[in-house]
**Student:** 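Right, I'll just put the structure down here and ask away after.
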Protein chains: 2
Amino acid sequence: MRRDIFQAIADPTRRAIIALIAVQAMTPNAIATHFDTTRQAVSKHLRILTECELVKATQEGREIHYQLEVQKMKEIDQWLAQFRKIWEGRFSELDKLLANMKTKKK
Amino acid sequence: MRRDIFQAIADPTRRAIIALIAVQAMTPNAIATHFDTTRQAVSKHLRILTECELVKATQEGREIHYQLEVQKMKEIDQWLAQFRKIWEGRFSELDKLLANMKTKKK
DNA sequence: AATATATGCAACCGTTCGGTTTCACAAACA
DNA sequence: TGTTTGTGAAACCGAACGGTTGCATATATT
């Protein structure tokens, strides 16, 4: 089991769950009504999301409320940061040209 | 085959390849030397990255140069945007409180 | 022309994934 | 106390994943 954030958000259902509970904490049953699968399948997704700490569970009687750990989402943002430099900056055009020249020179 | 960006970046080797060619375009052979797998395995990764248009191939004689399609990376950024609102804004604390109250009220 | 180099593709293999069905268990309710 | 409700865990299944080995092909090099 790899179980890192990137593997967690790879599944479209899981991304939808994340978006759902980002608004407000929800129980597995409530979440499941939004999808075309069994409650158990949703439960498995929640387990994966919990394992990589993207989601936090809070028991309340017999109900369990799952809520998004927004902080963890920052890790994706941090990984993206290195590329943001490229697509934002003037960097892009000039340096890509230089890179290509260096390659062709050989 | 799902083959969307999120599935593409789920694999750590693929993320490493992306980071590598972000700096400058590279051939499959050159890329493969950076990893502990066969050239063919890298080739398969490149195929997946190409299919979801994260990477662009340019033939040059018998060599093929793969280069990152930085634009495509923005799509991840765009998906992340909805959560950035939450983790950045004052939004977070107050609204999470309200969301919880609304849940408990029932 | 013969050989070496750069590459992709197909077949195969063990593992993981995402789903279902069945069961177990604790909390709430009658 | 018996029943309903909310939930997780286990066993199973077909599909996809990530890797390897072997082969085919086109371009360079000798």
Side-chain angles (χ1 to χ4, degrees), chain A residues 1-21 24-67 100 103-106, chain B residues 1-21 24-67 100 103-106:
Chain A
M1 294 172 208
R2 210 161 355 96
R3 218 108 301 180
D4 58 81
I5 333 172
F6 294 98
Q7 187 260 342
I9 64 165
D11 183 78
T13 305
R14 234 133 50 200
R15 286 201 299 280
I17 291 177
I18 288 174
L20 251 182
I21 65 176
Q24 71 165 79
M26 292 181 81
T27 65
N29 261 323
I31 296 170
T33 62
H34 289 76
F35 299 96
D36 202 24
T37 58
T38 51
R39 175 191 59 77
Q40 284 90 338
V42 171
S43 197
K44 278 175 96 173
H45 284 306
L46 286 170
R47 195 161 86 87
I48 290 169
L49 291 172
T50 306
E51 273 172 14
C52 68
E53 298 175 294
L54 260 171
V55 142
K56 203 184 66 190
T58 316
Q59 188 116 18
E60 221 162 289
R62 66 183 161 184
E63 293 185 346
I64 300 178
H65 293 261
Y66 285 90
Q67 109 179 66
N100 277 338
T103 312
K104 284 191 192 153
K105 193 199 60 178
K106 195 256 168 124
Chain B
M1 293 170 210
R2 217 168 342 102
R3 218 111 298 182
D4 58 80
I5 334 171
F6 293 98
Q7 187 261 341
I9 63 163
D11 183 79
T13 305
R14 234 129 55 199
R15 286 201 300 281
I17 291 177
I18 289 174
L20 251 182
I21 64 177
Q24 72 165 77
M26 291 180 81
T27 66
N29 260 323
I31 296 170
T33 61
H34 289 77
F35 299 97
D36 202 23
T37 57
T38 51
R39 175 191 59 77
Q40 284 91 334
V42 171
S43 197
K44 280 177 93 172
H45 284 307
L46 286 170
R47 195 161 85 89
I48 290 170
L49 292 171
T50 307
E51 272 172 16
C52 68
E53 296 174 295
L54 260 170
V55 142
K56 205 183 65 188
T58 316
Q59 189 116 19
E60 222 161 289
R62 68 182 159 182
E63 293 185 346
I64 300 178
H65 292 261
Y66 285 89
Q67 111 181 65
N100 277 338
T103 311
K104 285 191 189 155
K105 194 197 62 179
K106 190 255 168 117

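This structure is a prediction, so every number in the text was calculated from the model and none was measured. Chain letters run A, B, ... following the sequence lines, proteins first, then strands; residues in each count from 1.
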**Student:** Give the table of side-chain donor-acceptor pairs shorter than 3.5 Å for residues 11-20 of chain A, with sequence neighbours excluded, one pair per line with atom names and distance.
**Tutor:**
residue	atom	partner	partner atom	Å
A/Asp11	OD2	A/Thr13	N	3.0
A/Asp11	OD2	A/Arg14	N	3.1
A/Arg14	NE	A/Ala8	O	2.8
A/Arg14	NH1	A/His45	ND1	3.2
A/Arg14	NH2	A/Gln7	O	3.2
A/Arg15	NH1	A/Ile9	O	2.7
A/Arg15	NH1	A/Ala10	O	3.1

**Student:** In whole Å, I'd like the distance from the CD atom of B/Gln7 to the P atom of C/dG18.
**Tutor:**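 Atom-to-atom, B/Gln7 to C/dG18, this comes out as 10 Å.
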**Student:** Where do A/Ile31 and A/Leu46 land on the side chain to side chain contact (heavy atoms under 4.5 Å, CB included) test, with the steps shown first?
**Tutor:** CA-CA 10 Å; A/Ile31 296 170; A/Leu46 286 170; 4.1 Å; yes
**Student:** Among the candidates C/dA6, D/dG8, D/dG19, find the nucleotide nearest to the side-chain atoms of A/Ile64.
**Tutor:**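 Nearest to the side chain of A/Ile64 among the choices is D/dG8.
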**Student:** Can you sort out the partners of B/Phe6 under ring pair (Phe, Tyr, Trp, His ring centres under 6.0 Å), two or more places apart, ordered by chain and number?
**Tutor:**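 By the ring pair (Phe, Tyr, Trp, His ring centres under 6.0 Å) rule, B/Phe6 matches B/Trp79.
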**Student:** Starting at atom CG of B/Asp11, determine the distance to atom P of C/dT16, rounded to an integer number of angstrom.
**Tutor:**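 B/Asp11 atom CG is separated from C/dT16 atom P by 14 Å.
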**Student:** Just to confirm, is there a sub-4.0 Å distance from OP1 or OP2 of D/dA16 to any side-chain nitrogen or oxygen of B/Arg3?
**Tutor:**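 Result: no.
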**Student:** Between protein and nucleic acid, restricted to nucleotides 21-25 of chain D and to nitrogen or oxygen atoms under 3.5 Å apart, what atom pairs and distances do you find?
**Tutor:**
residue	atom	partner	partner atom	Å
D/dG22	O6	B/Gln40	NE2	2.9

**Student:** For the pair made of CZ in B/Arg15 and C1' in D/dG18, what is the distance, rounded to whole Å?
**Tutor:**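 Interatomic distance, CZ of B/Arg15 to C1' of D/dG18: 14 Å.
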**Student:** Nearest whole angstrom, please: distance from the P of C/dA6 to the CD1 of B/Ile31.
**Tutor:**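 Distance check: B/Ile31 CD1 to C/dA6 P gives 14 Å.
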**Student:** I need the CD-P distance between B/Gln59 and D/dT27, as an integer number of Å.
**Tutor:**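 The answer, rounded to whole Å, is 8 Å.
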**Student:** Might you list the N or O atoms of the protein lying below 3.5 Å from N or O atoms in nucleotides 28-30 of chain C, with each pair's distance?
**Tutor:**
residue	atom	partner	partner atom	Å
C/dA28	O4'	A/Arg62	NH1	3.4

**Student:** Could you grab the distance from atom CD of A/Gln67 to atom CE of A/Met26, nearest 0.5 Å is fine?
**Tutor:**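 Rounded to the nearest 0.5 Å, the CD-CE separation comes out at 13.0 Å.
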**Student:** Using side chain to side chain contact (heavy atoms under 4.5 Å, CB included) as the criterion, list what pairs up with A/Ser43, not counting sequence neighbours.
**Tutor:**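 Applying side chain to side chain contact (heavy atoms under 4.5 Å, CB included) to A/Ser43 gives none.
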**Student:** With rounding to the nearest 0.5 angstrom, report the OH to CD1 distance, B/Tyr66 to B/Ile21.
**Tutor:**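 The OH atom of B/Tyr66 sits 9.5 Å away from the CD1 atom of B/Ile21.
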**Student:** Taking only residues at least two apart or on different chains, which pairs with a member in residues 31-41 of chain A satisfy side chain to side chain donor-acceptor pair (under 3.5 Å)?
**Tutor:**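 Every pair satisfying side chain to side chain donor-acceptor pair (under 3.5 Å) with a residue in residues 31-41 of chain A: there are none.
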**Student:** In whole angstrom, give the distance that lies between atom CG of A/Asn29 and atom P of D/dT7.
**Tutor:**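 After rounding, the reported distance stands at 5 Å.
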**Student:** Does the side chain of A/Thr27 get closer than 4.0 angstrom to OP1 or OP2 of D/dT7 through an N or O atom?
**Tutor:**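 Yes, A/Thr27 has a side-chain N/O under 4.0 Å of OP1/OP2 on D/dT7.
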**Student:** Whole Å only: how far is the CD1 atom of A/Ile9 from the C1' atom of C/dG18?
**Tutor:**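 Rounded to whole Å, this separation is 17 Å.
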**Student:** At a heavy-atom distance below 4.0 Å, what parts of residues 43-58 of chain B sit against DNA chain D?
**Tutor:**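 B/Lys44, B/His45, in order of number.
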**Student:** Please confirm whether the shortest side-chain N or O distance from B/Tyr66 to OP1 or OP2 of C/dG8 is below 4.0 Å.
**Tutor:**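 Answer yes for this pair, as a side-chain N or O of B/Tyr66 is under 4.0 Å from OP1 or OP2.
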**Student:** Through what angle, rounded to 10 degrees, does the axis of the helix from C/dA1-D/dT30 to C/dA30-D/dT1 turn between its ends, using five pairs per end?
**Tutor:**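 Computed angle between terminal axes is 10°.
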**Student:** Which side-chain N or O atoms in residues 51-59 of chain B pair as donor and acceptor under 3.5 Å with protein atoms at least two apart or in another chain?
**Tutor:**
residue	atom	partner	partner atom	Å
B/Glu51	OE1	B/Arg3	NH1	3.1
B/Glu51	OE2	B/Arg47	NH1	3.0
B/Gln59	NE2	B/Gly61	O	3.3

